[in-house]
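Below is one structure, written out as structure tokens, with a few remarks after it.
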Amino acid sequence: MRKLGKKENQMLSLHLDIINPAFGEMWRQFEPMAFDEDAESVELEICNNNFRLVANPKFWKKCTQNRKLFIICHEFCHVIFGHWLINEKLDRNWSNIAQDIQVNEFLIKWYFKNEKLGNDFATVKTVFRHKSSLVRSDQHYIYYYYLLMKCLWKLK
């Protein structure tokens with residue numbers, strides 16, 4: 001697997017330090033980011049008893065600098081929030097969507113409030129759409145998971 005170039009690695013490290021020094025330190029402590037054509041976009045994986053980000057090179061190339069930083073911080077938040085610990089009682093796919101909502105809401109509130117990142121990621125507004133005003137933000141992913149399950153139950 002091809003690794004991220006040294007220049008881009010250092011630039012991302014500097015920008016992550018500016019966003020939050022904890023993100024910069026995680027970037028330096030993780031295994032170096034790698035590229036894999038089989039990755040859908042950017043994925044978190046365990047490598048050598050450590051975490052590593054693996055990106056689809058075509059996807060990564062299309063991302064703006066701010067989007068790359070958001071994506072990296074997004075994956076770091078999954079680690080910080082313990083989302084990599086799988087709860088066998090929950091549906092994995094729906095749980096992942098709920099976790100993405102939690103992470104994205106957190107990042108938008110605290111670090112990327114005025115950034116133009118697009119609307120192709122899971123937030124309260126994009127997932128719950130016209131009912132989003134009824135959904136609280138800043139919640140644990142379990143809250144979003146059970147809301148999603150209620151929505152699915154109503155569709156049956």
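No donor-acceptor distance shorter than 3.5 angstrom exists from the side chain of D100 to the backbone of A122, with no hydrogens or angles considered. Judged by distance alone, the side chain of R28 and the main-chain N or O of G24 form a donor-acceptor pair under 3.5 Å. Checked by atom type and distance alone, the side chain of Y143 pairs as donor or acceptor with a backbone atom of R136 at under 3.5 Å. Between the side chain of T126 and the backbone N or O of F121, at least one donor-acceptor pair lies under 3.5 Å. A donor-acceptor pair under 3.5 Å is formed between the side chain of Y145 and the backbone N or O of D91. In this structure, the side chain of N56 engages the main chain of E37 through a donor-acceptor pair within 3.5 Å.
V124 and L134 fall into different hydrophobic clusters, defined by Ile, Leu, Val, Met, Phe, Trp and Tyr side-chain heavy atoms under 4.5 Å apart, directly or through other members. Note: the hydrophobic cluster containing M11 does not contain L53 (ILVMFWY, side chain heavy atoms under 4.5 Å, direct or indirect links). Hydrophobic clustering, with ILVMFWY side chains joined whenever heavy atoms are under 4.5 angstrom apart, keeps I72 apart from V54. A single hydrophobic cluster is not seen to contain both V103 and V127; linkage of ILVMFWY side chains at heavy-atom distances under 4.5 Å, directly or through other members, places them apart. Clustering ILVMFWY residues whenever any of their side-chain heavy atoms sit less than 4.5 angstrom apart, transitively, puts L14 in a cluster other than the one holding I71.
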Checklist line | Audit row: Y146, I142, side-chain contact (heavy atoms from CB on, under 4.5 Å) steps and yes/no | finding: CA-CA 6 Å; Y146 284 113; I142 296 294; 3.3 Å; yes

Next item on the list: Please step through side-chain contact (heavy atoms from CB on, under 4.5 Å) for the pair E43 and E75, ending with a clear verdict.
Entry: CA-CA 8 Å; E43 303 167 358; E75 296 302 332; over 6 Å; no

Next item on the list: Applying side-chain contact (heavy atoms from CB on, under 4.5 Å), run through Q102 and H140 and close with a yes or a no.
Entry: CA-CA 6 Å; Q102 178 188 13; H140 190 272; 4.2 Å; yes

Margin query: Pair F128, L147 - check side-chain contact (heavy atoms from CB on, under 4.5 Å), show working.
Written below: CA-CA 9 Å; F128 297 102; L147 278 180; 3.9 Å; yes

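Side chains of F35 and V42 form no contact here, defined as non-hydrogen atoms less than 4.5 Å apart. The closest side-chain heavy-atom distance from I101 to T123 is not below 4.5 Å. Counting only heavy atoms from C-beta outward, the side chains of H15 and Q65 approach each other to under 4.5 Å. Proximity of I18 to F23: side-chain heavy atoms (C-beta onward) are nowhere separated by under 4.5 Å. Counting heavy atoms from C-beta outward, Y111 and L69 have side chains that stay 4.5 Å or more apart. Using a 4.5 Å heavy-atom cutoff, the side chains of M26 and I80 are in contact. Counting heavy atoms from C-beta outward, I19 and F112 have side chains that approach closer than 4.5 Å. Looking at heavy atoms from C-beta onward, S95 lies out of side-chain contact with N87 at the 4.5 angstrom threshold.
No more than 12 heavy atoms of other residues, nucleotides or ligands sit less than 6.0 Å from atom CG of N119. For K3, the NZ atom counts as densely surrounded, since its 6.0 Å shell holds more than 12 non-hydrogen atoms of other residues, nucleotides or ligands. Heavy atoms of other residues, nucleotides or ligands lying less than 6.0 angstrom from CG of D120 number more than 12. The local environment of NZ in K125 is sparse, with at most 12 non-hydrogen atoms from other residues, nucleotides or ligands closer than 6.0 Å. Within a 6.0 Å radius of CZ in R92, more than 12 heavy atoms belonging to other residues, nucleotides or ligands are found.
With hydrogens and angles left out, the side-chain atoms of N9 and W27 include a donor and acceptor closer than 3.5 Å.
Across every non-hydrogen atom of C77 and L107, the tightest pair is SG-CD2, 3.8 Å. Closest approach of C47 and E31 over heavy atoms only: O-CG, 3.5 Å. Residues M1 and A34 approach most closely at SD-CB, 3.8 Å, considering heavy atoms. Summarising the geometry of N66 relative to L117, their closest heavy-atom pair is O-CD2, 3.9 Å, with the distance given to 0.1 Å. Of all non-hydrogen atoms in A55 and A39, the two that sit nearest each other are C-CB, 4.0 Å.
Looking at R67 and E115, no side-chain N of the basic residue comes within less than 4.0 Å of a carboxylate O on the acidic one, giving no salt bridge.
Interatomic distance, NZ of K131 versus OG of S133, reported as 8.0 Å (0.5 Å rounding). Note: M149 CE to Y144 OH = 15.0 Å, rounded to the nearest 0.5 Å. Interatomic distance, CG of L4 versus CH2 of W60, reported as 7.0 Å (0.5 Å rounding). A distance of 12.0 Å separates NZ in K62 from OG in S41, rounded to the nearest 0.5 Å. How far CG of N20 is from SG of C73: 8.0 Å, rounded to the nearest 0.5 Å.
Sorted by first and then second residue, the pairs that involve residues 72-95 and meet ring pair (Phe, Tyr, Trp, His ring centres under 6.0 Å), not counting sequence neighbours, are F30-F76, F51-W84, H74-H78, H78-H83, F81-H83, F81-F106, H83-Y141.
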